[in-house]
Colleague: 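Sharing a structure here in structure tokens format.
Below, each value reflects all heavy atoms present in this structure, side chains not excepted, and no hydrogens, waters or symmetry copies. The sequence lines fix the lettering, A, B, ..., with proteins before strands; numbering per chain opens at 1.
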Protein chains: 2
Amino acid sequence: MSKIVVIEDDRYLREELVKTFSEKGYSATSISSFNATESDILAAEPDLVVLDLNLPGKSGFEICKWLKARASFPILILTARDTLGDELTALGLGADDFLTKPCHPNRLLARVERLLQNYGKVRNLIQAGDLILDLDTYKLIWGDYHIVLPETEGKMMQLLFENSPRVVSKKALASFIWGGEEFVDENILQVNMVRLRKNLAALGLDNLIQTERGQGYRLEAGNES
Amino acid sequence: MSKIVVIEDDRYLREELVKTFSEKGYSATSISSFNATESDILAAEPDLVVLDLNLPGKSGFEICKWLKARASFPILILTARDTLGDELTALGLGADDFLTKPCHPNRLLARVERLLQNYGKVRNLIQAGDLILDLDTYKLIWGDYHIVLPETEGKMMQLLFENSPRVVSKKALASFIWGGEEFVDENILQVNMVRLRKNLAALGLDNLIQTERGQGYRLEAGNES
DNA sequence: ATTTCAACTTACAATCCTTGTAAGGCTGGC
DNA sequence: GCCAGCCTTACAAGGATTGTAAGTTGAAAT
């Protein structure tokens, strides 16, 4: 059965949620320490995340955005703050649904069920800014346009997505694409970078990938908050 | 701007909704006669549909299912019947969101905005039963599994999807795939059918496409209501 | 201004995937 | 058993993708 991870700092509600999901047959867990929240979530390999916005330390918005850039599970925001602004922000960052507390368990379950069914792990989609990348086919979506990249270029895109907007070294790219330990030829990487950039330009994305001389490449994702 | 079509039999609410959307800059229209609802909607080429469940004649559920099999725009159900069962049914049929009347305009707008942004026309997805087909890449999704079909097989799938569960003649398939008027070779169609079936079997979908001797092929989509 | 090294660019050939052709085998209904 | 309709397999042409080779360009430092 699907695995759900609950991110909620109120202990009572957290356990209530886990119980609700468990009773419905889901494998539900939660995170109780919020030091390395994001990586803890990734490590748990969830099929869906229920995320509170008010957490000690980092904001739920940040976590949502971070996760969406490197994983494809749906994120359901569950918050006490009933602001339309919050809802718009969350949905803009890629959140898949937005419910306010208190929330009837059946309503929550219905939404979770739908997300798992419709937008679940099957669609390997990751997101950076206003770009979406399908990891199965390397279809890149931007606004009304899309393009299907060949595998090598798609993998480059993937690693750049996952680290956006940080710099990715050529070494990291090469080992991600070809898996090899040592880094024999650096020319082939550049060739593929040219090809990728050409494909992106055809889409209208001209300066998406920037070169950091001596360090590597960086993807500056588009308009977001 | 995106085009929204409102399907609602209550005249007052219908005009209210159209006005709400228009003021936000959408191109909103509605349908006032419900004789050929489904084809009217398709003919309007919407980017999103707001659909009431209680309509004179056919049920909203039927319309939702029919549309999802041959178009890729998101469908938002807006209904007065606040039953959890309805919500589950609608979402199971592929509806993308579910709101109950009365509904604050801002809430509705926020949801519409999200659907257009996240799951809009960009992703060319059509649905038949529990299967999903991406028309850009011909990625076929079934539960936890997926496969990427080559173009020819993907097109076969598409036409079978759009007519499911009715029979599609070989002639129709051939002219859909190759466009030609006359139907020269029928062997190539069978070859591709074998390949498609082999690919489906690898996914676990063994008897998905049935042969109707002398008539054509038929796609019997999986478990649904 | 010159040097130097990283980054960029283009052309070409090997490889793999997809497609159509060909030829024969199977099957259900009469 | 016969025939039309359907299925199956093997093969070759064509195209897309990938890596190789061999340069040219450009920016920082002297």
Colleague: My understanding is that only one of A:L140, A:L135, A:V168 makes a side-chain contact (heavy atoms from CB on, under 4.5 Å) with A:F161; could you say which?
Modeller: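 Going through A:L140, A:L135, A:V168 one by one, the side-chain contact (heavy atoms from CB on, under 4.5 Å) with A:F161 is satisfied by A:L140 alone.
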
Colleague: Salt bridge check: are B:K24 and B:E113 linked by an N-O gap of less than 4.0 Å?
Modeller: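 No.
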
Colleague: Side chain of A:D206, backbone of A:A201: donor and acceptor closer than 3.5 Å?
Modeller: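 Absent.
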
Colleague: Between the two end axes of the helix from C:dA1-D:dT30 to C:dC30-D:dG1, each built from 5 base pairs, what angle do you get to the nearest 10°?
Modeller: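 Inter-axis angle at the ends, rounded: 30°.
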
Colleague: Quick one: does any side-chain atom of B:D47 pair with a main-chain N or O of B:K3 as donor and acceptor, under 3.5 Å?
Modeller: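 Judged by distance alone, yes, a pair lies under 3.5 Å.
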
Colleague: Hey, is the main chain of B:E162 close enough, under 3.5 Å, to the side chain of B:R70 for a donor-acceptor pair?
Modeller: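 Yes: the side chain of B:R70 pairs with the backbone of B:E162.
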
Colleague: For residues 189-198 of chain B, tabulate all N or O donor-acceptor pairs below 3.5 Å that involve a side-chain atom, not counting sequence neighbours.
Modeller:
{"from": "B:Q190", "atom 1": "NE2", "to": "B:E186", "atom 2": "OE2", "distance (Å)": "3.3"}
{"from": "B:N192", "atom 1": "ND2", "to": "B:I188", "atom 2": "O", "distance (Å)": "3.0"}
{"from": "B:R197", "atom 1": "NH2", "to": "B:I209", "atom 2": "O", "distance (Å)": "3.1"}
{"from": "B:R197", "atom 1": "NH2", "to": "B:T211", "atom 2": "OG1", "distance (Å)": "2.8"}

Colleague: With sequence neighbours left out, what residues match A:A69 under side-chain contact (heavy atoms from CB on, under 4.5 Å)?
Modeller: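 side-chain contact (heavy atoms from CB on, under 4.5 Å) list for A:A69, sorted by chain: empty.
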
Colleague: Determine whether more than 12 heavy atoms belonging to other residues, nucleotides or ligands lie under 6.0 Å from atom CD of A:E45.
Modeller: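 At most 12 heavy atoms, drawn from other residues, nucleotides or ligands, come within 6.0 Å of this atom.
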
Colleague: Could you tell me the separation between the CG atom of B:L133 and the CG atom of B:L125, rounded to the nearest 0.5 Å?
Modeller: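 That separation rounds to 8.5 Å.
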
Colleague: Using whole Å, report how far CG of A:L189 lies from C1' of C:dA6.
Modeller: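 After rounding, the reported distance stands at 13 Å.
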
Colleague: Can you give me the N/O atom pairs linking the protein to nucleotides 16-19 of chain C at distances under 3.5 Å, or say none if there are none?
Modeller:
{"from": "C:dT19", "atom 1": "OP1", "to": "B:E151", "atom 2": "N", "distance (Å)": "3.2"}
{"from": "C:dT19", "atom 1": "OP1", "to": "B:T152", "atom 2": "N", "distance (Å)": "3.1"}
{"from": "C:dT19", "atom 1": "OP1", "to": "B:T152", "atom 2": "OG1", "distance (Å)": "3.1"}
{"from": "C:dT19", "atom 1": "O5'", "to": "B:T152", "atom 2": "OG1", "distance (Å)": "3.4"}

Colleague: Please identify the 5'-most and 3'-most nucleotides of DNA chain D with any atom under 4.0 angstrom from a heavy atom of chain B.
Modeller: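 Going 5' to 3' along DNA chain D, contacts run D:dA4 to D:dT9.
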
Colleague: Ignoring hydrogens and angles, tell me if any N or O in the side chain of B:S164 forms a donor-acceptor pair with the backbone of B:L160 under 3.5 Å.
Modeller: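 Checking the backbone N and O of B:L160 against the side chain of B:S164, no donor-acceptor pair under 3.5 Å is found.
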
Colleague: CD1 of A:I209 versus P of C:dA7: gap in Å, rounded?
Modeller: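 Rounding to the nearest Å, CD1 of A:I209 and P of C:dA7 are 14 Å apart.
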
Colleague: Do nucleotides 22-30 of chain C as a string where each nucleotide becomes B, S or -: B if the base has a protein heavy atom under 4.0 Å, S if just the sugar-phosphate does, - if no protein is that close.
Modeller: BB----B--

Colleague: Under 3.5 Å, is there a donor-acceptor pair between the side chain of B:D96 and the main chain of B:I75?
Modeller: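 Yes; judged by distance alone, with no hydrogens or angles, the pair exists.
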
Colleague: To the nearest Å, give me how far apart CD (A:Q210) and P (C:dC8) are.
Modeller: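 After rounding, the reported distance stands at 12 Å.
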
Colleague: How many angstroms lie between CZ in B:F73 and CD1 in B:I41, if you round to the nearest 0.5 Å?
Modeller: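 Nearest 0.5 Å value for the CZ-CD1 distance: 6.5 Å.
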
Colleague: Quick check for you: to the nearest 0.5 Å, what is the distance between B:R218 atom CZ and B:L208 atom CG?
Modeller: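 Result: 10.5 Å between the selected atoms.
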
